Novice: 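Just passing along the structure, written as structure tokens.
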4 protein chains.
Amino acid sequence: MAEARQQRGVHAERAILDATGELLAERGVHELTVERVAARAGVAKTTIYRRWRGKRELALAVLLDTIETADAVPGDLGDTRAELISFVGATVRVLGSTLMGRVMQGLVSDLAADPKLARAFRKRLVGVRMAELAQVIERGIERGDLRPDADRELAHELLFGPVYYRLLLSGSAFDDGLAERVVDSVLPSIARTRR
Amino acid sequence: MAEARQQRGVHAERAILDATGELLAERGVHELTVERVAARAGVAKTTIYRRWRGKRELALAVLLDTIETADAVPGDLGDTRAELISFVGATVRVLGSTLMGRVMQGLVSDLAADPKLARAFRKRLVGVRMAELAQVIERGIERGDLRPDADRELAHELLFGPVYYRLLLSGSAFDDGLAERVVDSVLPSIARTRR
Amino acid sequence: MAEARQQRGVHAERAILDATGELLAERGVHELTVERVAARAGVAKTTIYRRWRGKRELALAVLLDTIETADAVPGDLGDTRAELISFVGATVRVLGSTLMGRVMQGLVSDLAADPKLARAFRKRLVGVRMAELAQVIERGIERGDLRPDADRELAHELLFGPVYYRLLLSGSAFDDGLAERVVDSVLPSIARTRR
Amino acid sequence: MAEARQQRGVHAERAILDATGELLAERGVHELTVERVAARAGVAKTTIYRRWRGKRELALAVLLDTIETADAVPGDLGDTRAELISFVGATVRVLGSTLMGRVMQGLVSDLAADPKLARAFRKRLVGVRMAELAQVIERGIERGDLRPDADRELAHELLFGPVYYRLLLSGSAFDDGLAERVVDSVLPSIARTRR
DNA sequence: GACTAAGCGAGACGGTACGTCGCGTCTTAAA
DNA sequence: TTTAAGACGCGACGTACCGTCTCGCTTAGTC
């Protein structure tokens, strides 16, 4: 029963998410309106509000939808530096794509204004990244590449902070070497070394 | 006459900025409305729009006003590490204060939507920080503490990225050792070393 | 078969009418919603729409249900004036009860907007009253109390108009002598008289 | 100052009332929506809500506007019966016009639901009619046509009740002789007579 | 005693209108 | 000429019910 009911729902949901994605790509979060989404999706506003609390949750849904689909932890590459570069590089690539970059930019301010949204964002994005990084670091420690007492959270902030700083504040464009340079700057502080 | 006119203007301007500051402190950017500012400042909306393009510019004005007053480059402390910690620490302290932290959070999304605003923000905030850091680095190089080819921009991003990452994305609270830990993590990559 | 099925139906119908009656008594027609009726009756909206065209028909059904049960033509009292007073008084009493008064008030506007509803209303309420009055008048004529050419329709309007005028327009409360005063004012014009 | 401000306002107000009148004439109260009025008047919804509490008040405004303009107490015609017929006839004519008839029909139910509206309606319509009738009756008494103890309120209800009964309940069309017949039926009960 | 078709509960859906908020513009009178 | 005051057009918000529409479940009576 629940499934059958959900059936209809799934169609509407798909249409809504797709429409939202298109509108986000075209104009960004701040021109995203529930009304436009409804119109484009051929759906009633009510149907949107039945599932999400507003355009912010909707945008977050699309963001998570995309990121969870697109992203993957790097497998074991045998080389910690390479794994870290691949890991940071994946985020650089996603945020460099117009859509996700824009959505992130548009969503950030809402995080501070809506605790529920922030909670979801942190659990499903920040937290997941942190856990993934922890795996990479674990492997690095096992390999003897990294110091056993490397601070996972700090490492996470050091690796991603600069990327988001560009996206959100300095406005510098991403370049191909970015991930590599960041990793190389941070690595010495967590690498097992005779320094 | 011109002076007398400006006089009036100056009064109004002060009242507006003060009212804006208060409202920002009380409720954050997203509940800042031009109407409320006008009411609190005892000023007509027109008078506000005559000087700023909207609430975003207004918030930015307050932000710059505060930061330019409060902040100072550390002078020569004789120790590059100490200077860097002091430099990053100053930003941590400012952003940790409710007001500026909130304003930054609320303003970030607008930067992406309003190029004019972004330009001002980058010129008067990001740019200034970068130049200040460059001085510190220069002194460090002269002292022989830092490598002569240290990447100023990257250093800037590495030092501030993590701080803003906490503020804007991860939501982790600032703690007292933050500046020190970040500096110590980044320093190896720019320090003059025999590695 | 049909009966058993109808059995279920009868239960649902009873539950719906009862719920409607309760809601009407509590809040009046304009706060009557099909959704609330369905909820209170423990019935699906569909089940309601299967039997009535909307909340207006539903309200009318309750109104007729109540009135047809409660009301009775006065029998032969031997005195035309007494019969008329009893006749008008019955309506005053019914409309004076919160429920029916409210329903009438709330329904009137819908009559003008929904011809089908108006038709039903007139056939089963106005028409019935008129026929009943005609009987009373007939008896009055036979007794020699009334003029043989008394205008039945006009009499009907003269007797009930003032009552509904209070209910719907002037807002004056009903009082016990109302029926009597109205009858006494109208009687001279239809009484057999040597004037 | 206030006047100059009102100037703009007056334009908008006129446009709104006109648009409302048109829409009422075309479709009746129950299809009157604030949104349509705004669209037709070339005015923002807000501007309407700034002046009236909703479509009901708007409709009432138009009704009063029209009635207060159109209606006039009959002057002294020298003949009480003629004055009464003229008085009732004026109402029959106004209500017989599509517009006002429809508005009255559509408004009645709202009176019961909105005490503020009812108050305005009664003060500016019912009350005024009653006062006007009182004058006519006064003159009639002075002339010796009417009994000095004629009940003004009852007379009012007897004269107008039947008219509204037709409009709101029985649905019978108005005919030319209506006012005359009603007056002749009620007159005996208030006329100075040897009955 | 299982089958089947109607009626039913549940509730999602497209839709219309609501009444509200804040925007940025515009108009006017007073200073 | 600048200001305070505030009305205005506008666009979007989130909500309430409408009446329609599936969708299994329930429940007789029929086979």
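Chain A is the first sequence line, chain B the second, and so forth, proteins listed ahead of strands; every chain is numbered from 1. Keep in mind that this is a model prediction, so the values were computed, not measured.
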Novice: Under a 4.0 Å N-O cut-off, is there an ion pair linking Asp65(D) with Arg124(D)?
Specialist: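 The answer is no: the pair does not qualify as a salt bridge.
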Novice: Give the nucleotide from the list dG22(E), dA17(E), dT3(F) with an atom nearest to the side chain of Thr33(D).
Specialist: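 Nearest listed nucleotide: dA17(E).
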Novice: If each of Gly42(C) and Lys45(C) is mapped to the nucleotide of DNA chain E with the nearest heavy atom, which maps nearer the 5' terminus, i.e. the 5' end?
Specialist: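 The residue mapped nearer the 5' terminus is Gly42(C).
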Novice: May I have the distance from Glu13(C) (atom CD) to dC8(E) (atom P), rounded to whole angstrom?
Specialist: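 Interatomic distance, CD of Glu13(C) to P of dC8(E): 10 Å.
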Novice: Is there, by distance only and without an angle test, a donor paired with an acceptor across the side chain of Thr46(B) and the base of dA5(F) below 3.5 Å?
Specialist: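 Yes, a donor-acceptor pair under 3.5 Å.
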Novice: Heavy atoms under 4.0 Å, any strand shown: does Lys55(A) hit a base, just sugar-phosphate, or nothing?
Specialist: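 Answer is sugar-phosphate: Lys55(A) comes under 4.0 Å of backbone atoms only.
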Novice: Whether the side chain of Gln105(B) engages the backbone of Leu167(B) through a donor-acceptor N/O pair (distance < 3.5 Å, no angle test) should be reported.
Specialist: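 Indeed, once roles are kept as given, a pair shorter than 3.5 Å links the two residues.
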Novice: Which nucleotide in the list dC13(F), dG24(E), dG14(E) gets nearest to the side chain of Ala44(A)?
Specialist: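 The answer is dG14(E).
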Novice: Using salt bridge (Lys or Arg N to Asp or Glu O under 4.0 Å) as the criterion, list what pairs up with Arg56(D), not counting sequence neighbours.
Specialist: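 If we apply the salt bridge (Lys or Arg N to Asp or Glu O under 4.0 Å) test to Arg56(D), skipping adjacent residues, the hits are Asp110(D).
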Novice: Any side-chain N or O of Arg53(D) under 4.0 Å from OP1/OP2 of dC18(E)?
Specialist: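 Indeed not, no polar side-chain atom of Arg53(D) lies that close.
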Novice: Closer than 4.0 Å, any side-chain N/O of Arg36(A) to the OP1 or OP2 of dA12(F)?
Specialist: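 Arg36(A) to dA12(F) OP1/OP2: side-chain N or O found under 4.0 Å.
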Novice: Quick check on salt bridge (Lys or Arg N to Asp or Glu O under 4.0 Å): which of Arg40(D), Arg36(D), Arg102(D) does Glu26(D) satisfy it with?
Specialist: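 Answer after filtering Arg40(D), Arg36(D), Arg102(D): Arg40(D).
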Novice: If you assign Thr47(D) and Val34(A) each to the DNA chain F nucleotide with the nearest heavy atom, which residue ends up on the more 5' nucleotide?
Specialist: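 In this pair, the answer is Thr47(D).
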Novice: Using whole Å, report how far CZ of Arg50(B) lies from C1' of dA4(F).
Specialist: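 To the nearest whole Å, that distance equals 10 Å.
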Novice: Nearest whole angstrom, please: distance from the C1' of dG14(F) to the CG of Leu32(A).
Specialist: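 Spelled out: CG on Leu32(A) to C1' on dG14(F) is 15 Å.
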Novice: Is Arg56(C) near enough to dG19(F) that one of its side-chain N or O atoms lies under 4.0 angstrom from OP1 or OP2?
Specialist: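 For Arg56(C), the contact criterion (side-chain N or O under 4.0 Å from OP1 or OP2 of dG19(F)) is met.
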Novice: Could you state the atom-to-atom distance from CH2 of Trp52(C) to C1' of dC18(F) in whole Å?
Specialist: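 Interatomic distance, CH2 of Trp52(C) to C1' of dC18(F): 18 Å.
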Novice: Could you check how far NE2 of His30(D) sits from P of dA17(E), rounded to whole Å?
Specialist: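 One finds 11 Å between P of dA17(E) and NE2 of His30(D), rounded.
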Novice: Output the rounded distance in Å from CD (Glu35(D)) to C1' (dC18(E)).
Specialist: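 Distance check: Glu35(D) CD to dC18(E) C1' gives 7 Å.
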Novice: To the nearest Å, give me how far apart CD1 (Ile16(A)) and C1' (dC13(E)) are.
Specialist: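 It works out to 10 Å between those atoms.
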Novice: Within this structure, what is the CZ-to-C1' distance between Arg27(C) and dA16(F), rounded to whole angstrom?
Specialist: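 One finds 14 Å between C1' of dA16(F) and CZ of Arg27(C), rounded.
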Novice: When you check the gap from the basic side-chain N to the acidic O, do Glu57(B) and Lys116(B) get nearer than 4.0 Å?
Specialist: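 No, Glu57(B) and Lys116(B) are not salt-bridged.
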